[in-house]
Amino acid sequence: MKNTNEKQTNETKKPVNFVQSIIDEDLKTGKRTEVHTRFPPEPNGYLHIGHAKSICLNFGLAQQYNGICNLRFDDTNPTKEDVEYVESIKEDVHWLGFDWKDRMFYASDYFEKLYQYALQLIKSGNAYVCELSGDEIKEYRGTPTRPGKESPYRNRSVEESLSLFEQMREGKFEEGTHSLRAKIDMASPNMHMRDPIVYRIKKQNHHRTGDKWCIYPMYDFAHGISDAIEGITHSICTLEFEVHRPLYDWFLIALNIDSRPQQIEFARLNLSYTVMSKRKLMELVDENLVDGWDDPRMPTVSGLRRRGYTAASIRNFANTIGVAKRDNVIDVALLEHSVREDLNKVSNRVMSVLNPLKVIIDNYPENLDEEIDAINNPEDASKGSRKVPFSKELYIERDDFMEEAPKKFFRLAPGREVRLRYAYYITCVEVVKDENTGDVIELHCTYDPETKGGSSPDGRKVKGTLHWVSAKHALDAEVRLYDRLFVDEDPLGKKGVDFKKFLNKDSLTILNNCKVEPGLKNAANGSLLQFERLGYFCIDKDSKPDKLLFNRTVALRDSWSKMNKK
RNA sequence: UGUCCGAUGGUGUAAUUGGCAACACAACUGAUUCUGGUUCAGUAGAGUCCAGGUUCGAGCCCUGGUCGGACAACCA
């Protein structure tokens, strides 16, 4: 809490990124008087954390400069798009904490306008209907190092193109036989300027316009004009569109459109140990290598949400990684740090035992049940405390006991005394093992009644504090532990090797015999919790009061295991 | 043999626009702690891709290289 002011100063002191510098300059010189951005997803897949970066950038900029940001679906290719995706995108953007108010648009809203602009392009001699086949167009286009050659249809009359284009719209031609092309320069060193296609025939039902159209505009044509129609001032996109910028501008100039949005490109987010491509993610979904788009191992917004990530942590992450033009790979540890930071503040603590080991307290009264006070969140006193039942038989974590323990092991071992969190000090007096396997079955301990509450009147110290749960009160639960989806830092980086080869076989571990505090019985799905000493967990959407199901969001930092690795 | 873009500790992002390279994550010490968590204090790690140039002074400007990325869907 002492950081409230400090945080603010940090925020104000926060360095500006290059996009903000451009906007600052535009505002200063009077080139712009306002900031109007947009987030323009194509509804052909679910949003991932890379999109979250873009959302935070676009909506964030609008907030910072008192401007506005539109949500616009770039739905110009009916073969790939679907309403399922538009719904999920809307949900994700809202969940991330952004509001487009009444400004939700679709490129398909502008199909008629776009068509009129296409007509205008033809009339001004800037476009023509081409009858080359796909293969021919490819051949005529040349290569990056070799100029292309002009289409034989390039110089046909305006009237002929106009008539042909109308017939295209009327469905008179088959797909691939005709296209509308901008007349620019087949020898341009920029491939995108070699008479790019403006409209193509697709006899496909569109998720919004149905069968009204059988010709659809291409991205380069539709995007800039859509931006202009909406009065976008700064059209922010990723680096791969940099080469498209001359074309973006060319259309606006050729059509004499006054509104002149400026395209600015930034480097997309890459995260280590995962892939960030809708196509690749869809591959994982389609081949059932993950359990859908919202599988908690997926870098999708819905996956992260199901995993237990908070919107605030993702926003904070997006602000931390910055915005620049150089390629980057962010260490997934930074994302994990962002959630821990937030969850530490907001999540209630609870005691759960993942791998139970029975402990019997020999000198504890047979039929006594006690209610132990436990603090809900030491970081936030307003969260209060709760009662946790304590009795003669308990479960502790198997990892918290070692028969032959090194000196640095602060937990339970024969003859050693530890504290049961909020309860009593106990000392291990006997280890019961399975005669055949030699496995430890249960532990017998004694407790010191004087240490109730977790401290001793004689002031003696114990080094270790264990979490526990009363055996007869405990609730059974299933807990899913997640690890990185890929074993390789850069699954796409090995040429010729399918990225799926790097899938981590141990990315999901299901624990079926977990014991949790009884108070969790009716906790709401989606609740975010910290299992003391273990990590942050959330209650999965499929959890039921009689079949509790938890997802581990991220483990706590663990200097003990780190120390053991050395 | 093309065009465009980029290059700062392990990672990412800064550097008052030409003034002795900073912040975060990661790492490592130590302190505190009824979570081996949190918090706190501290340590180490780059001399800014290379070579020239301009300048009193260059990570920032200029020239030439090197390396990396993007571009040849009727995808976005």
Side-chain angles (χ1 to χ4, degrees), chain A residues 2 10 13-17 21 40-42 44 74-77 79-81 107 130 132-134 137-139 141-148 175-181 188-194 196-202 215-216 218-220 222-223 237-246 265 267 272 278-279 320-331 333-338 340-341 344-345 349 351 375 378-379 408-411 419-423 425 453-455 461-467 530-535 555-563:
Chain A
K2 63 158 277 242
N10 279 348
K13 259 197 260 173
K14 208 164 187 281
V16 297
N17 59 52
S21 305
E42 181 188 15
N44 67 342
D74 219 332
D75 57 350
T76 56
N77 184 359
T79 60
K80 295 184 172 177
E81 297 148 7
C130 182
L132 253 22
S133 71
I137 286 183
K138 193 172 194 167
E139 191 188 315
R141 188 158 32 220
T143 70
T145 53
R146 217 177 307 283
E175 285 186 21
T177 60
H178 293 67
S179 62
L180 182 70
R181 295 232 255 160
S188 170
N190 183 339
M191 297 291 288
H192 296 282
M193 301 300 270
R194 322 244 261 228
I197 290 170
V198 178
Y199 264 87
R200 77 291 213 189
I201 299 169
K202 274 188 192 291
I215 56 171
Y216 293 93
M218 296 289 288
Y219 166 85
D220 289 298
H223 201 89
C237 62
T238 42
L239 248 32
E240 66 270 29
F241 292 101
E242 208 153 24
V243 208
H244 295 239
R245 196 184 336 130
E265 311 85 11
S272 59
K278 276 196 265 188
R279 211 190 128 266
T320 305
I321 58 177
V323 178
K325 295 195 71 159
R326 67 187 89 109
D327 294 323
N328 62 85
V329 182
I330 308 284
D331 190 341
L334 184 57
L335 215 211
E336 295 177 343
H337 170 263
S338 299
R340 287 198 188 98
E341 189 178 44
N344 177 50
K345 290 183 299 192
R349 273 59 170 172
M351 291 196 285
I375 293 167
E379 306 291 321
K408 285 290 201 179
F409 187 77
F410 301 148
R411 310 174 186 182
R419 170 171 39 235
L420 292 179
R421 177 141 237 229
Y422 299 124
Y425 287 9
S455 57
K461 298 276 188 233
V462 289
K463 208 63 165 115
T465 299
L466 310 187
H467 59 279
Q530 183 195 105
F531 285 1
E532 294 230 24
R533 304 209 304 133
L534 296 174
L556 248 29
R557 284 185 55 188
D558 185 355
S559 50
W560 165 244
S561 73
K562 198 185 281 181
M563 182 172 151

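Everything numeric here is computed off the predicted structure, so don't read it as measured data. In what follows, every heavy atom counts, from backbone to side chain, and hydrogens, waters and symmetry copies are set aside. In what follows, chains are A, B, ... by sequence order, proteins preceding strands, each numbered from 1.
Taking side-chain N and O atoms only, A:His337 has a distance below 4.0 Å to OP1 or OP2 of B:C25. For the pair A:Arg141 and B:A73, the criterion of a side-chain N or O lying under 4.0 Å from OP1 or OP2 is met. For the OP1/OP2 pair of B:G36 and a distance below 4.0 Å, the side-chain nitrogens and oxygens of A:Lys408 include no atom meeting the criterion. Note on A:Ser559: a side-chain N or O is less than 4.0 Å away from OP1 or OP2 of B:G37. For B:C75, the OP1/OP2 oxygens have no side-chain nitrogen or oxygen of A:Thr76 closer than 4.0 Å. Distances shorter than 4.0 Å separate none of the side-chain N or O atoms of A:Lys325 from OP1 or OP2 on B:C4. The shortest distance between the side-chain N/O atoms of A:Arg200 and the OP1/OP2 oxygens of B:A76 is below 4.0 Å. For B:A27, the OP1/OP2 oxygens have a side-chain nitrogen or oxygen of A:Lys562 closer than 4.0 Å. Phosphate contact (OP1/OP2 of B:U38, side-chain N/O of A:Arg557, threshold under 4.0 Å): present.
Using a 4.0 Å heavy-atom criterion, one finds that A:Leu466 contacts no nucleic acid atom at all. A:Leu335 comes within 4.0 angstrom of no nucleic acid atom, judged by non-hydrogen atoms across all strands. Here A:Phe409 lies in heavy-atom contact (under 4.0 Å) with a base. Residue A:Arg194 is classed as having no contact, given no heavy-atom separation below 4.0 Å to the nucleic acid. Among the heavy atoms of the strands lying under 4.0 Å from A:Val323 are primed sugar atoms or P, OP1, OP2 only; no base atom is included.
Nearer the 5' end of RNA chain B, as judged by each residue's closest nucleotide, is the contact made by A:Arg245, out of A:Arg245 and A:Lys138. Where A:Ala267 and A:Ser179 each meet RNA chain B at their nearest nucleotide, the meeting point lying more 5' is that of A:Ala267.
Closest approach of A:Asn328 to A:Ala267, counting heavy atoms only: ND2-CB, 3.7 Å. Closest of all the heavy-atom pairs between A:Tyr216 and A:Lys202 is CE1-O, 3.3 Å. Considering all non-hydrogen atoms of both residues, A:Arg200 and A:Thr76 come closest at NH1-O, 3.3 Å. Closest approach of A:Met218 to A:Tyr199, counting heavy atoms only: CG-N, 4.4 Å. Nearest heavy-atom pair across A:Arg349 and A:Glu379 is NH2-CG, 3.9 Å. Closest heavy-atom contact between A:Val243 and A:Asn190: O-ND2, 2.9 Å.
For A:Met191, the side-chain contact (heavy atoms from CB on, under 4.5 Å) partners at least two apart in sequence or on another chain are A:Arg141, A:Pro144, A:Arg194. Scored by the side-chain contact (heavy atoms from CB on, under 4.5 Å) test, A:Thr177 finds A:Phe173, A:Glu174, A:Ile201 as partners (sequence neighbours excluded). Remark: A:Phe410 pairs with A:Lys463 by the side-chain contact (heavy atoms from CB on, under 4.5 Å) rule, at least two apart or across chains.
Ring geometry for A:His244 versus A:Tyr219: interplanar angle over 60°, hence perpendicular rather than tilted (30 to 60°).
No side-chain N or O of A:Thr465 forms a donor-acceptor pair with one of A:Arg421 less than 3.5 Å apart.
The separation of B:G9 from B:U48, taken at their C1' atoms, amounts to 10 Å, rounded to a whole angstrom. Across the C1' atoms, B:A46 and B:A26 are found 16 Å apart, a figure rounded to whole Å. As rounded to the nearest Å, B:C40 and B:U32 have P atoms that lie 16 Å from one another. Rounded to whole Å, the separation between the C1' atoms of B:G59 and B:U17 comes to 12 Å.
On a pure distance criterion of 3.5 Å, a polar donor-acceptor pair joins the side chain of A:Gln530 and the base of B:U35. Under 3.5 Å, the side chain of A:Arg533 and the base of B:G36 form no donor-acceptor pair of N or O atoms.
Closest contact between the side chain of A:Arg349 and the listed nucleotides B:C74, B:G37, B:A26 involves B:G37. Comparing B:A76, B:U35, B:A73 by their closest approach to the side chain of A:Lys80 singles out B:A73. In this structure, the nucleotide among B:U8, B:U35, B:A76 sitting nearest to the side chain of A:Glu42 is B:A76. Distances from the side chain of A:Lys202 to the nucleotides B:A76, B:G37, B:C75 place B:C75 closest.
Nucleotide B:A7 holds its P atom 5 Å from the CZ atom of A:Arg326, rounded to whole Å. Following rounding to the nearest Å, A:Tyr199 (OH) and B:C75 (C1') show an atom-to-atom distance of 16 Å.
The pair A:Glu42-A:Lys80 does not count as a salt bridge, with every side-chain nitrogen at least 4.0 angstrom from each carboxylate oxygen.
For B:G47, the base is syn relative to its sugar; the glycosidic angle is within 90° of 0. B:A73: glycosidic angle within 90° of 0, hence syn. Glycosidic torsion of B:U17 falls within 90° of 0, placing the base in syn.
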N/O contacts under 3.5 Å, protein versus nucleotides 16-19 of chain B?
none

Please tabulate, one pair per line, each protein N/O and nucleotide N/O from nucleotides 64-71 of chain B that are separated by under 3.5 Å, including the distance.
| unit_1 | atom_1 | unit_2 | atom_2 | d |
| --- | --- | --- | --- | --- |
| B:G69 | O4' | A:Asp327 | OD2 | 3.4 |
| B:G69 | O2' | A:Asp327 | OD2 | 3.4 |
| B:C71 | O2' | A:His192 | NE2 | 3.0 |

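Two residues are said to be in side-chain contact when any heavy atoms from C-beta on lie closer than 4.5 Å; A:Arg181 and A:Leu132 meet this criterion.
Both thresholds, 5.5 Å between centres and 30° between ring planes, are met by A:Trp560 relative to the base of B:G36, so the two rings are stacked.
Counting only distance, with no hydrogens or angles, the side chain of A:Thr238 and the backbone of A:Glu240 share no donor-acceptor pair below 3.5 Å.
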*Map every base of RNA chain B to its dot-bracket character, where paired means a Watson-Crick or G-U wobble contact with both distances under 3.5 Å and | marks a partner outside the strand.*
.((((((..((((.....[..)))).(((((.......))))).....(((((..]....))))))))))).....
